Structure formats: structure tokens, C-alpha cells
Amino acid sequence: MALERQFRQAIRDAVNRPSRKPFSWGGLAGYRQLCAIADGIRQLVDATPDTRYLRRLLSQVERALENYRALANDLAAAHSWLRRVAVVLHYRHPTDEASSEELTSQSVAHEMEELLAAFQPDFKRQPAQRALYNALSRTWKEFGPDLLHCYDIPGLPPDNLAMEALFSALRRHQRRISGHKSTRELRVLGHYQVLFQAKSEEELLAQLRTVPLDRYRHHRQRLEQAAEPRRFIHRLHRDPDGTIQTLADAYQERRRQLLQTKSPDRLEHTS
């Protein structure tokens, strides 16, 4: 019974595989996992013919595989074409070694045009390839020239995965030190954490000293002014009576100060 439960768990996992774009397609991986499960159950059924439960389970798995075989083949072909697009764009993982081949936006654009011309799926019988073709054609037509600057500008990354990884690390760190799911604090201090990626206190102080003190105070005052409306709303939600009373007192005090500054001017004019 424990082994049968594991088979059921494996099948549930196969039909609910998540996707992580662009290259990890959960549906395709789940279908291949289901094929492996069917092969394993088939071996058990052949070795022990009296296992009725596994035989019924195998028939259900094989029926699901047969129903989705054409779609899975279409999805596999679309995934293969997507891999070819990555090869044409010379897309690589950040940990891979850089290619010594000289690339320009014109050469990459020419290779991409040839690939799109060769990619001609059957729109009626291959829905996955049709969807990929339409998305590629539309994206290339609308944004193609704007996607190739990284081949002409040295040091310009082809994607923002490194930046997203940095933001994810900041959010994980904030949740770990605060114990809360929300990371709203990063809206106020997140840009400073991104700016100062120091490995030691000395390196951090060296980075801080590059900013003049007067300039720091000026921008610090601007930051306080920008944060004051949010702080006011926060105080208003927590203590509306006290916040409104404080605001009214401040208004009266400011009005009194303005009247005091105007009264000497009036005396001078009257004299």
C-alpha cells in the first residue's frame, strides 16, 4: 500500500508540474514523467500479473498518455524551436563562459530572420507551435531592433535576471530579519541596500564618504519630505483624533507666528 501510494503521488505530481519560463515547461516535463511512470508500472504488471490495482492504474495512465500524445509532440517541437531561438540569440547562463565569437546586432538580426522564415508550423494541427510562432513574430516585429543593443554595447547584459536575483535576495533577507511576509520597508531603504553592496565596514565607509555631507543632508531632507505624506496617513489610520488635533495645533501655531511677523511691518508703515 505504501508503494501504491507513492505511485499515486508521482502521478499527481506529473499532472501538476509547475512551469518556470522560458525553458522549463511543466506540461512537457510532466508528460515525460508520466511516460516513465507508465513504463515502471508496466514492468511490475508483467512481472506480477495478479496485481489488479496496478493494472487498472496503468490503463488510466496509458489512456491519458494516448489522449495527449499529439499535443505533447507538438509542445516538444515548440520547445525545440524555442531552444533554436536561444541559440540564434547566443543566449547563455551567467555562469557560462563568454563566447569568443564577434557578434553584432546586424548579424543576429539576419540569423533571426532566417529562423523565422524556416519556422512554418501547421496552424490547424499544431496549436502550440502556432502560439509560439505568433508570439515570436509579433515580438520581433514590434521590439526586435530594441532587443539587440546588448550585441553592440560592451558590458550591457541581454536580460535583467541578475537584477531580479538581487531584488529577490533583498526580499528574502528582509523577511528573515523582520519575520513578516510584507517587504514594504524596501520601498524606503531598498535603493540604499542596492547602492551599498559592501563586503566589509571599511568598504561601506569608503562608499559613504564619496558623497559630500551637504549633498547628503539636502537629499536626506528631500527624502523626509517625500515620506511625510505616507507617515501622516499612517498616523491618521492609527489615531485619527490625535492626528487631527496635532494638525490643528500646528496650524494655529503657524498662524500665530505669521501674525507676529506681520505686526512689526504694520507698525513701521503706520509710523
Side-chain angles (χ1 to χ4, degrees), residues 21-22 91-95 98 105 139 142-271:
K21 297 178 179 180
Y91 187 84
R92 63 183 181 86
H93 194 270
T95 58
S105 59
T139 303
E142 295 179 358
F143 309 106
D146 298 330
L147 301 176
L148 304 179
H149 297 302
C150 59
Y151 301 102
D152 298 328
I153 302 177
L156 181 65
D159 52 47
N160 61 345
L161 296 181
M163 183 171 58
E164 291 182 358
L166 175 60
F167 291 156
S168 298
L170 291 176
R171 286 193 292 268
R172 289 196 302 269
H173 179 68
Q174 181 64 33
R175 294 189 183 103
R176 185 168 59 251
I177 63 178
S178 66
H180 301 289
K181 184 178 180 180
S182 175
T183 57
R184 295 179 57 184
E185 296 83 356
L186 293 178
R187 299 178 184 177
V188 180
L189 302 175
H191 49 293
Y192 293 111
Q193 298 185 35
V194 174
L195 178 62
F196 300 116
Q197 291 292 319
K199 298 181 180 179
S200 63
E201 183 178 355
E202 292 76 11
E203 185 178 353
L204 177 61
L205 291 176
Q207 293 178 1
L208 290 173
R209 292 186 180 117
T210 58
V211 181
L213 183 59
D214 295 338
R215 187 178 179 184
Y216 165 78
R217 289 175 176 172
H218 172 69
H219 286 278
R220 179 67 184 180
Q221 184 178 6
R222 292 183 57 187
L223 179 63
E224 292 292 335
Q225 293 174 355
E228 182 56 31
R230 180 178 57 84
R231 294 173 181 171
F232 173 73
I233 296 298
H234 179 71
R235 293 194 300 267
L236 185 63
H237 290 174
R238 293 179 62 90
D239 185 14
D241 296 334
T243 303
I244 296 299
Q245 183 62 43
T246 302
L247 183 63
D249 295 342
Y251 177 82
Q252 292 292 341
E253 178 64 21
R254 181 58 179 168
R255 188 171 182 273
R256 185 181 62 81
Q257 293 176 359
L258 291 176
L259 291 176
Q260 289 179 354
T261 56
K262 290 181 179 179
S263 55
D265 296 336
R266 293 178 180 178
L267 292 176
E268 292 179 359
H269 288 298
T270 55
S271 62

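What's counted below: heavy atoms across the whole structure, side chains too, no hydrogens, waters or symmetry copies. Source: prediction; values computed, not measured.
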Visitor: On a heavy-atom basis, which atom in Thr243 and which in Phe232 lie closest, and how many Å separate them?
Guide: CG2-CE1, 3.6 Å
Visitor: Please list, chain by chain and in numerical order, all residues satisfying salt bridge (Lys or Arg N to Asp or Glu O under 4.0 Å) with Arg222, sequence neighbours excluded.
Guide: none
Visitor: Which atoms form the tightest heavy-atom contact between Arg231 and Glu224, and what is the distance?
Guide: NH1-OE1, 2.6 Å
Visitor: Could you list the donor-acceptor pairs under 3.5 angstrom formed between side-chain atoms of residues 144-156 and any protein atom two or more places apart in sequence or on another chain?
Guide:
unit_1	atom_1	unit_2	atom_2	d
Tyr151	OH	Leu89	O	2.3
Asp152	OD1	Ser105	N	3.2
Asp152	OD2	Ser105	OG	2.7

Visitor: Evaluate whether atom CD of Glu142 has more than 12 neighbouring non-hydrogen atoms of other residues, nucleotides or ligands under 6.0 angstrom away.
Guide: yes
Visitor: Kindly list each side-chain donor-acceptor pair under 3.5 angstrom involving residues 163-170, sequence neighbours excluded, with atom names and distances?
Guide:
unit_1	atom_1	unit_2	atom_2	d
Glu164	OE2	Asn160	ND2	3.4
Ser168	OG	Glu164	O	3.0
Ser168	OG	Arg171	NH2	3.3

Visitor: By side-chain hydrogen bond (donor to acceptor under 3.5 Å, both in side chains), which residues pair with Glu202, not counting sequence neighbours?
Guide: none
Visitor: Mind checking salt bridge (Lys or Arg N to Asp or Glu O under 4.0 Å) for Arg176 and listing every partner two or more places apart, or none if nothing turns up?
Guide: none
Visitor: With sequence neighbours excluded, what pairs up with Glu228 under the salt bridge (Lys or Arg N to Asp or Glu O under 4.0 Å) test?
Guide: Arg235
Visitor: So, taking the atom named NE2 in His218 and the one named CZ in Arg215, what distance separates them when rounded to the nearest 0.5 Å?
Guide: 9.0 Å
